[in-house]
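The structure appears right after this line, and notes come after that.
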Number of protein chains: 2
Amino acid sequence: MATGVRQRSTAAQRRDTVLRTAVAAFAARGYYGTSTMEVAAAAGISQGYLYRLFKDKQTLFAAVVDHCSDRLRESVAAAAATARSTEPQDVLEALTASYDEVIADRELLMILLHAQGCAGEPVIGEAVRRCYARQVEYVRAVSGAAEQQIRRYFADALLSNVMVAIDAAAVDAPWARTLRA
Amino acid sequence: MATGVRQRSTAAQRRDTVLRTAVAAFAARGYYGTSTMEVAAAAGISQGYLYRLFKDKQTLFAAVVDHCSDRLRESVAAAAATARSTEPQDVLEALTASYDEVIADRELLMILLHAQGCAGEPVIGEAVRRCYARQVEYVRAVSGAAEQQIRRYFADALLSNVMVAIDAAAVDAPWARTLRA
DNA sequence: CCGTCTTGTGGTTATCCACTCACCAGTCTC
DNA sequence: GAGACTGGTGAGTGGATAACCACAAGACGG
């Protein structure tokens, strides 16, 4: 029949599309709140095959975190390219200024947020720490900034993350305006 | 029998003990990852009665968040009392300095972290925003600090939160040292 | 001491979930 | 074109889970 012309991919390709679609699935309700069936459906494969591609749910989620770690670094790299100079100050300023655009990728943001919550699961905790390690070292390398400045950058970034997560942008109240300022 | 001498409380009292014990239950694996049975067991009541005390799981979790909001404010108030003067700068410094002690209450921290993740659930999102609103306005009132300074305080606090959540204190690597600095 | 109100308990149900396994169908190799 | 390999499915399994309900038992007012 017509559907005989079924798309077949290599396992590696499939793994990749699964990771990309799984981001959207997990973003909404996190690790515990999302079933492997939902993830499989989002990727357009059977749940059975999902378990052939990934050992178990925890490994799958950790892989999703790693994938997001990549995406985040790419985003930040693009932001770094907008700096006026290679002076540490200028680079960090550019990063901070365009961080809003980085987290306009809401799915990415939500995955990282959820991942922090279930960092207690050993495999996932590892992935989260790996993500932070890469982020910090990348920012350090690209900016050459001092510890204090880098710390400040991450603190600001985390605040922005939360503001987006709790949809504070839609709130017109003093507290929200203060944290946005 | 001896157990005939069963403790009986008013519903209000029970509600309170449930909230206190539920904090520990939800802290480990968050809203989605924790069953109502676990919460009931931790409070020493039947699951059925839990549903008499709280309409549903979402309402229960939102109440837990509100309870944590109280606990957090008390903690911060205690920290504010250690300030050298009532100058905004001094008060905020005192708050920041003793924030580590505030989040030594790991359960409280984890609840707030998990709550951010499921702020998409309407009832819970409301509770989280309420929590931030009270926190910000309390810090503003007790310190009299300017918007920028308050914002900085919260950004630092959030970074500390994450460091604890992902157990970065146990990591001996440059990135972890940078973020702790 | 009786009726009523509230605290509190099992048990039930319908659904869902992580994970497994037997099996089908292209495709590559010799 | 046979045999082996790999992509992929669908139906299960055992256990958990949110929410409901009928009913028990202690307290309390009259």
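Chain letters run A, B, ... following the sequence lines, proteins first and then strands; every chain starts at 1. Quick caveat, the model's predicted, so the values are computed rather than measured.
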**Request:** Using whole Å, report how far CZ of B/R15 lies from P of C/dT6.
**Result:** 16 Å
**Request:** Rounded to the nearest angstrom, tell me the gap between atom OH in A/Y49 and atom P in D/dT6.
**Result:** 11 Å
**Prompt:** Given atom CZ of A/F54 and atom P of C/dA18, what is their separation to the nearest angstrom?
**Reply:** 15 Å
**Item:** Residues that B/A127 engages under side chain to side chain contact (heavy atoms under 4.5 Å, CB included), provided they are two or more places apart
**Value:** B/A62, B/V65, B/D66, B/R130
Show the distances under 3.5 angstrom between N or O atoms of the protein and N or O atoms of nucleotides 15-19 of chain D.
| unit_1 | atom_1 | unit_2 | atom_2 | d |
| --- | --- | --- | --- | --- |
| D/dA18 | OP1 | B/K57 | NZ | 2.9 |
| D/dA18 | OP2 | B/T36 | N | 2.9 |
| D/dA18 | OP2 | B/T36 | OG1 | 3.0 |
| D/dA18 | N7 | B/Q47 | NE2 | 3.4 |
| D/dA19 | OP2 | B/Y51 | OH | 2.5 |
| D/dA19 | OP2 | B/K57 | N | 3.2 |
| D/dA19 | N7 | B/Q47 | NE2 | 3.2 |
| D/dA19 | N6 | B/Q47 | OE1 | 2.8 |

**Complete:** Hits for side chain to side chain contact (heavy atoms under 4.5 Å, CB included) against B/A145, two or more places apart or cross-chain, chain-then-number order -> B/P88, B/L92, B/S143, B/Q149, B/I150
**Request:** Just jot down the side-chain hydrogen bond (donor to acceptor under 3.5 Å, both in side chains) partners of A/D167, sequence neighbours excluded, or say none.
**Result:** none
**Prompt:** Expressed in angstrom and rounded to an integer, what is the separation of A/L50 atom CG from C/dT20 atom P?
**Reply:** 12 Å
**Asked** Can you tell me how far C1' of C/dT6 sits from CZ of B/R52, to the nearest Å?
**Response** 8 Å
**Message:** Is there a side-chain contact between B/R14 and the phosphate of C/dG8, meaning an N or O under 4.0 Å from OP1 or OP2?
**Reply:** yes
**Asked** Can you name the residues that form a side chain to side chain contact (heavy atoms under 4.5 Å, CB included) with B/T59, not counting sequence neighbours?
**Response** B/K55, B/D56
Distance-only donor-acceptor pairs under 3.5 Å for side chains of residues 71-79 of chain B, two or more places apart:
| unit_1 | atom_1 | unit_2 | atom_2 | d |
| --- | --- | --- | --- | --- |
| B/R71 | NH2 | B/D105 | OD1 | 3.4 |
| B/R71 | NH2 | B/D105 | OD2 | 3.0 |

**Prompt:** Do you know which two heavy atoms are closest between A/W175 and A/A168, and how far apart they sit?
**Reply:** CH2-CB, 4.3 Å
